[in-house]
Amino acid sequence: MSATATRRSSLSSRSFRVLLGLEAGVALGLAGTLFFFVASSVVAYLNLEALQRGNERIVQTHVAIVSLDELLSLVQDAETGQRGFLLTNSGGYLAPYNAAVRAIRPKLDQIGQLTASNPGQSQRLVALRQHVDAKLAELGATIDRRRADGLEAAIAMVNSDRGKIEMDAVRAQIAAMSGAELEVRLDRLAEMENAQKTARLSTLLSGLLGIALTAAIALLIRKATIVRRRDEWLQAGQVGLASAMMGDQSIEQLSKSILDFLAPYAGAIAGAIFIRGDGSFQRACSRGVPPEANLPMTVRPREGLLGQAVAEGGSIVVDDVPDGYLAFGSGLGMDKPRHLAIQTGKVDGSVNSVIELGFLGPIDETIVTFLDRASEAIAIAVKAATYRGQLHDLLEETQRQSEELQTQSEELRVSNEELEEQGRALKESQAHLEQQQIELEQTNAQLETQAQRLEAQRDELERANVSISAKAKELEQASQYKSDFLANMSHELRTPLNSSLILAKLLADNPDENLTEEQVKFAKTIQSSGNDLLNLINDILDLSKIEAGHVEIRPETVSLERLAGNLRQVFLPLATEKKLGFSVELAEECPLTIETDPLRLEQILKNLLSNAIKFTETGKVTLVIGSVGEGKVSFSVSDTGIGIAQEHQRAIFDAFHQADGTISRKYGGTGLGLSISRQLARLLGGTIVLQSQAGRGSTFTVTIGERFDVAKPTALAPSPGTLATTVTAQKAGTVTPRPIRRIDDDRDVLTNTKRVLLVIEDDDTFAGIVRDLSREMGFQAIVAATAEEALLLAKEFMPSAVVLDIGLPDQSGLAVLDRLKHDVLTRHIPIHVVSGSDHAESAYSLGAAGYAIKPVNREELLKVLQKLEARFTKQMHRVLVVEDDPVQREAVAKLIGTQDVETVTASTAAECLDLLKHQTFDCMVLDLSLPDASGYSLLETLSSQSAYAFPPVIVYTGRELSADDEQKLRRFSKSIIIKGAKSPRATAR
């Protein structure tokens, strides 16, 4: 019963404290003080009320006495006025009488009110009223007698002593009433004196009691403050300890954090913490203990005080510690603490840690309480750290397993995507079939009645389809013949034309000065005519590709400012040579970039600018780039040339047409440029509009979208493999293999002092030109006319470089390039392609070092050989690695860094831009996830701003890329590598 009562009392006290926010003793003291001050206030108020009532009653008695005196004075005034009138018979002497008569009765009423509280005064007031009334009646009767009968009659009446008797009675009554009021006033003065004594006494007692209560409350508040500060100290310690233990810390870090907080907070000078291991407790950390101190590394249960505390699962406090216990020291010496506190950390009924702290002074109970409260939090933190260590080990094991499963998961992902696509297709087919079934059921009755007629129509349609199919096959075959013919003719024409142009250039240069001026002039004429023929061949091929649908549009992000700069750099010298003004204007409202095929757009603008300069004799040529709204951009080429008449403006866009025959004779040209430009503009999703007047110049406006619309139909080019196979098949079917040795070369006289150049070319003349030019550059030349011969010579002589033609008689040059780059022995050899057809994209993707389209002149061949020479002389390749993870960054740098490769690293996009602004790199390895910008925005910046170098990019990312992301990256990067088990090897390649 007592325990229950105590618990209830504790609960009541705790509830009371929670309710008021105060300790029970402080709350009761404040309640007693409040009651005391309320009672004192009530007593003081009652005393003041008694004093005020006594004062009012005294004043009332005084006013009554004064009123009685005033009443007597009024009666005397009335008597005086009556006597004056009797003597003078003058009405003026009646003024005091009349005033007194009017005031006497109200004064009597006032006296009655003032003396109402005095019981004896009411009878006297009645007698006073009677005597006053009698006196006033006697005075009135005397005045009336004086008026009516004269002075003597009035005096006789006065002499009858009636008035005197009444006046004496009035005086007697007033005197009696005044005496009674004086007695009452004395009594009330005595009462008031007693009330003042009572008030002074109560005030004195209240002050003394208030002082006593204030002192008691102060003591209670001090006690409560001490308790509160103790609780605050305990709570602050718990919060600080929790903060010190926050974060993913290892056991050692956690132990150090606990001791670094507990020791200074509790005032300990030394300490150690032991963590449970396999059957024992290992020392995890110590503080303030010198290395030479005899402090055990392990403790077992029930071994010493630490073991005993572990066994009991509680705390132990030791005072007056003997020698040999925990010691502390500094640079000035060593000593032992005087008092020890041992506290175990217990969670889920098990002890997992024990802390020993040493103190110089006695250990306060508050410190013991604090250690007891903190023990559970420490035990939980130790348990969590232990679990984190185990989890880390499991995570490393899981990561090793995940790396092994990554390849399998990728294959499964691809299979799942294919299955999902097939499933969606099946669902769509099923829904479509169900809809068709419903429609067929609804129309079944109608179809039955129309069956015969439909059968007849079907027969007619079948016959028509057979005829249309035959025509379509004929057209397709004719188009194929045309394309094949143009492809073959382009190679057959360009190959001899290339040799003619180079030989004509050599003759025109006359290096040996053995030709006459006329012969040099003839050679220049041959070269000029050859260039005109080359332009005609190129225009015809471009037009045929467009008509056959073999032109592929490759949209990229194009910087308008860079485009304008390139065009200005190309055409400003031409305009200056003709003394024409030339300007390129970029409107302010233009977007910074657009998405289109830069090669085709430049081809259109260069064609229009070339025509403008050609047909303008005086004035200027202007290119204005502006925005026309609705997401479109316009390119307006204006000139002040000959202009075009209205009737000729439609015809100039037709192939082989110009404004009239005189223009062709005067200015030259094939009339294909505008036709090709219009077709290319259509493929880009735009239009070309002409505004012109004869003799006033022309304005051609090209309008395209800011973003290329892939939904619009554009022709697709055949894949490089298909084209290579076609060419190979044609060559293999029409050309017989030639002898291996058809042209003299240096294979029999090779020395180790010069580099070897392998020329793979089936045209003997062009091969001889390349051989001679390479000898001038210091190479030794080996010539191969077929693919098989080239592969044998490459492996036999291991050339320093290769010049390769695509159109070989037995295989495509692209196949040779692919085989050389996949052979470990020859993959390092730089290969430069010189061909009559444009397969640059395929060649670069296979590893070509450069690409040139025939015909090429002597200067271009020199540049090709000089470029190969520069690759030999260059001793060090520089690679920029952009990666925010320092471990990954260093790993990639070490992986690709060799004695011939210098790696430079950057961790942010800003560092990358700064390096590319001031230095040059051969390649850049880029991670898409950077701290200050994404890899996409970095690539956009490099492509749109000419202030930064833009080396080839390898995207090395750790996340899966969607099809859209990969398509965006393909505009800037030819290689995308996903981080994984095999990615380092791919990056090194």
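Scope of the values below: all heavy atoms of this structure, side chains included, with no hydrogens, waters or symmetry mates.
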Check: Quick one: are Val879 and Val904 in side-chain contact, heavy atoms under 4.5 Å?
Finding: no

Next item on the list: Taking the side chain as every heavy atom from C-beta outward, state whether Leu750 and Val756 have any pair of such atoms under 4.5 Å apart.
Entry: yes

Note to self: Quick test of your reading of the model: are Glu418 and Arg413 salt-bridged, counting only N-O distances below 4.0 Å?
What the structure shows: no

Note to self: Salt bridge check, Arg775 against Asp746: does any charged N sit closer than 4.0 Å to a carboxylate O?
What the structure shows: yes

Item checked: Geometric cation-pi criterion Lys854 and Phe766, 6.0 Å radius, 45° cone -> yes

Once you round to the nearest 0.5 Å, how far does [atom1] of [X] lie from [atom2] of [Y]?
| X | Y | atom1 | atom2 | result |
| --- | --- | --- | --- | --- |
| Leu757 | Met777 | CG | CE | 10.0 Å |
| Leu567 | Glu602 | CG | CD | 6.0 Å |
| Ile782 | Arg747 | CD1 | CZ | 6.5 Å |
| Ile743 | Glu761 | CD1 | CD | 10.0 Å |

Note to self: Regarding Arg878 and Gln919, do their side chains bring together a donor and an acceptor under 3.5 Å, going by distance alone?
What the structure shows: yes

Margin query: Take a 6.0 Å sphere around CD of Gln866 and say whether it holds more than 12 heavy atoms from other residues, nucleotides or ligands.
Written below: yes

Next item on the list: Identify the heavy atoms of Thr786 and Pro809 that sit nearest to each other, and give their distance.
Entry: CG2-CG, 3.8 Å

Margin query: Testing the basics here: between Thr596 and Phe708, what is the closest heavy-atom pair and its distance to 0.1 Å?
Written below: CA-CB, 4.5 Å

Check: For Val882, does its backbone N or O pair with a side-chain atom of Asp927 as donor and acceptor, under 3.5 Å?
Finding: no

